[in-house]
2 protein chains.
Amino acid sequence: MELRDIEIFLTLAEELHFGRTAERLRVSQARVSQAISKQERRLGVALFDRTSRRVALTPVGRRLREDLQQALDLIKAGLARAEAAGLRAGQTLRLGVFGHAGHELRPLVDAFRTRYPGGDVQFGEIYGSDPFTALRTGEHDMNVLWLPIAEPDLTVGPTVLTGGRVLAVSADHPLAERGTASLEDLADNHVVDLGPGAPEYWVESMVPTRTPLGRRIPRGPAARTFHEILSLVAAGHCVHPLGEIAARYNRPPGVVFLPIHDAPTLHWALTWRSTADSPAIRVLAETAADLGPISL
Amino acid sequence: MELRDIEIFLTLAEELHFGRTAERLRVSQARVSQAISKQERRLGVALFDRTSRRVALTPVGRRLREDLQQALDLIKAGLARAEAAGLRAGQTLRLGVFGHAGHELRPLVDAFRTRYPGGDVQFGEIYGSDPFTALRTGEHDMNVLWLPIAEPDLTVGPTVLTGGRVLAVSADHPLAERGTASLEDLADNHVVDLGPGAPEYWVESMVPTRTPLGRRIPRGPAARTFHEILSLVAAGHCVHPLGEIAARYNRPPGVVFLPIHDAPTLHWALTWRSTADSPAIRVLAETAADLGPISL
DNA sequence: ACTCGTTACGAGATTCGTAATTATG
DNA sequence: CATAATTACGAATCTCGTAACGAGT
């Protein structure tokens, strides 16, 4: 018998309804049924009298409920106390972001510091050419990445930023003087090849290989870091789509950022290794969820 | 955090030694290390100060230990109380045996009734042609079967009987007057074919297809039940090896049982579906383990 | 150098969800 | 007949053990 089973038992004892219990615990109704009958089998005694219309605790179940409720409260209190001690001790979270995005996240960081007085956030830089490695090695605790992300070992948390996209073009580029760009303008312009460090579906969502109308967008010379990309763009070798935020804090010589007016809004979410789990990570995720995304 | 983790934490808090903790809980040392570091990660605080020479509780760990110990005691007490209520209510165990083996098991059944006043054992008959179906359908709660048994869904419990084997032969058979038989005598005699209801490795362990010296033992006419087998033997169509117990309570007309002097001792063990689990099953298994096997 | 704790990784067990089934008012 | 509980079964997750490694005396 594990704590999860106990939780299911206690919730059902309260709700007296399998469906509602399942809903409250965010599991399937079948799971509740399975958990309860396993306990009853194991104990050799019915804990609930039930038909498909009525669920009621048996006397044995009633007594068990009292004991287990008390125990569960003790455990939760004890763990909470221990966690609180950890919170006081504090922890520094390494948060990977693109370029200067950390500056935009200041409201989040401030709220985090309020909720977690001992905690701190340190920013690390990440690149589109390699968005996950630092997370997977443990160098970063969390990253802020554009969606969609579908990695089995990573958890996607709340969105912290939303914003548009810009196209980086050389100042000499014919598009430069238009002041704005469309996804169709990408056609027949080379875009930077970010290399094999990032999954194709993810790169494609930012740097498409086809325009919405289906025209090809060739992948041009390779580059890994933000500045390498901008060098290539400045030299006129290619254009490159980026998050709007890249334009906000950079004035690279010879490069112009044009808003892409017809690209869907970009969502940037907190991401972390599913197996990593610490109060700091949870607190930052909760804080971000409560704060909601910051619009650029 | 699950109860298992809490148990590991509490045991380590007591032993202050990973190896001994692992031994006490019958898990690997690695598991203890994993469980503890998972908890510490999750809580964000060290519970033990440890080097490879010394393990000590931190203040946070000391406090947590008190809370969790109390909670675990409550849970254990509550579950024990509920189980005790079930024991009083009693349960009838359907125990599948071959022929009259149930009679030999009376000491076990008596001991079981003593330990489990509300419980009872009902015997059901099983056949070598189909040893597992009644278990799998739930018609029987446990079966007494000869070893070896290697079924992924079944658990093999303590041995309850040990004994020799006999060869059933027709009274007219040349062997009959010898009064004893050897496995080599099986060569060139047909033995009953029990059909496809039992796995070959298991049938083979009782009804071999080769003698120890490698001579063939042909599988003869098919039969399913004990009496069908004896009919075929009586008619002289074949011989058939059986557990010694079959000879003890049967005097079938026209059949003689000859002890097989060179066959290894047979072990008969309690067997049940691994997923089935009830106090009655556990009590019977424990009782059998404590009593030890009954020698025929 | 030896003991003891940790990490990496694969196998096995367990949980869990989906969908079909059964039961009840 | 509609609602709610149960059962069957496959997928995904998690536990756990083995083995190699690292740290400390």
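Because only heavy atoms are used, hydrogens play no part in the values below, and waters and symmetry mates are left out as well, while side chains stay in. Throughout, a chain's letter reflects where its sequence line sits, starting with A, and its residues are numbered from 1.
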Asker: Measure from CD on A/Glu15 to C1' on D/dA5 and round the result to the nearest Å.
Answerer: 16 Å
Asker: Starting at NE2 of B/His140, measure out to OG1 of B/Thr271 and round the result to the nearest 0.5 Å.
Answerer: 12.5 Å
Asker: Taking any atom under 4.0 angstrom from a heavy atom of chain B, which nucleotides of DNA chain C are the first and last to qualify, 5' to 3'?
Answerer: C/dC2 to C/dA8
Asker: Measure CG/B/Asp153 against C1'/D/dA8 and give the value in whole Å, please.
Answerer: 15 Å
Asker: Without decimals, in angstroms, what is the distance between A/Ile8 CD1 and D/dT6 P?
Answerer: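 The answer, rounded to whole Å, is 13 Å.
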Asker: Charged N to carboxylate O under 4.0 angstrom, B/Arg4 versus A/Glu2?
Answerer: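 So B/Arg4 does not pair with A/Glu2 through a salt bridge.
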Asker: What I want to find out is whether A/Arg63 reaches B/Glu83 closely enough, with some N-O distance under 4.0 Å, to be called a salt bridge.
Answerer: no
Asker: Between A/Arg81 and B/Asp67, is the closest basic N to carboxylate O distance under 4.0 Å?
Answerer: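 Yes, B/Asp67 and A/Arg81 are salt-bridged.
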Asker: Which of these, A/Arg62, A/Arg20, A/Arg24, sits in a salt bridge (Lys or Arg N to Asp or Glu O under 4.0 Å) with A/Glu14?
Answerer: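 Exactly one candidate clears the test, A/Arg24.
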Asker: Could you walk me through whether B/Phe48 and B/Phe9 satisfy the ring pair (Phe, Tyr, Trp, His ring centres under 6.0 Å) test, starting with their C-alpha distance in whole Å, then the side-chain angles of each, then the deciding distance to 0.1 Å, before giving a yes or no?
Answerer: CA-CA 10 Å; B/Phe48 295 92; B/Phe9 166 72; 5.6 Å; yes
Asker: Grab the CG-P distance between A/Leu16 and D/dA4 for me, whole Å please.
Answerer: 14 Å
Asker: Checking all strands, does B/Val55 fall into the base, sugar-phosphate, or nothing category for heavy-atom contacts under 4.0 angstrom?
Answerer: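 Counting heavy atoms under 4.0 Å across all strands, the contact made by B/Val55 is with sugar-phosphate only.
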Asker: Separation of A/Glu40 atom CD from D/dT7 atom P, in whole Å?
Answerer: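 A/Glu40 atom CD is separated from D/dT7 atom P by 11 Å.
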Asker: Between the side chains of B/Arg136 and B/Asp130, is the shortest nitrogen-to-carboxylate-oxygen separation below 4.0 Å, so that they form an ion pair?
Answerer: no
Asker: In plain terms, say whether B/Arg94 and B/Asp141 are close enough for a salt bridge, that is, a side-chain N and a carboxylate O under 4.0 Å apart.
Answerer: no
Asker: It should be established whether B/Lys38 places a side-chain nitrogen or oxygen under 4.0 Å from OP1 or OP2 of nucleotide D/dC14.
Answerer: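 The answer is no; no side-chain N or O of B/Lys38 sits under 4.0 Å from OP1 or OP2.
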Asker: Just the rounded figure in Å: distance from P of D/dA5 to CZ of A/Phe48.
Answerer: 11 Å
Asker: Can B/Asp277 and A/Arg41 be counted as an ion pair, charged N to O under 4.0 angstrom?
Answerer: no
Asker: A/Glu2 CD to D/dC16 C1': how many Å, rounded?
Answerer: 13 Å
Asker: Measure CG/A/Asp49 against P/D/dA4 and give the value in whole Å, please.
Answerer: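 Nearest whole value for this atom pair: 19 Å.
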Asker: Reading nucleotides 17-25 of chain D 5' to 3', which nucleotides get B (base under 4.0 Å from a protein heavy atom), which S (sugar-phosphate only), which -?
Answerer: BBB---BBS
Asker: Let me know, please, whether B/Pro152 or B/Phe18 comes out on the 5' side of the other along DNA chain C by nearest nucleotide.
Answerer: B/Phe18
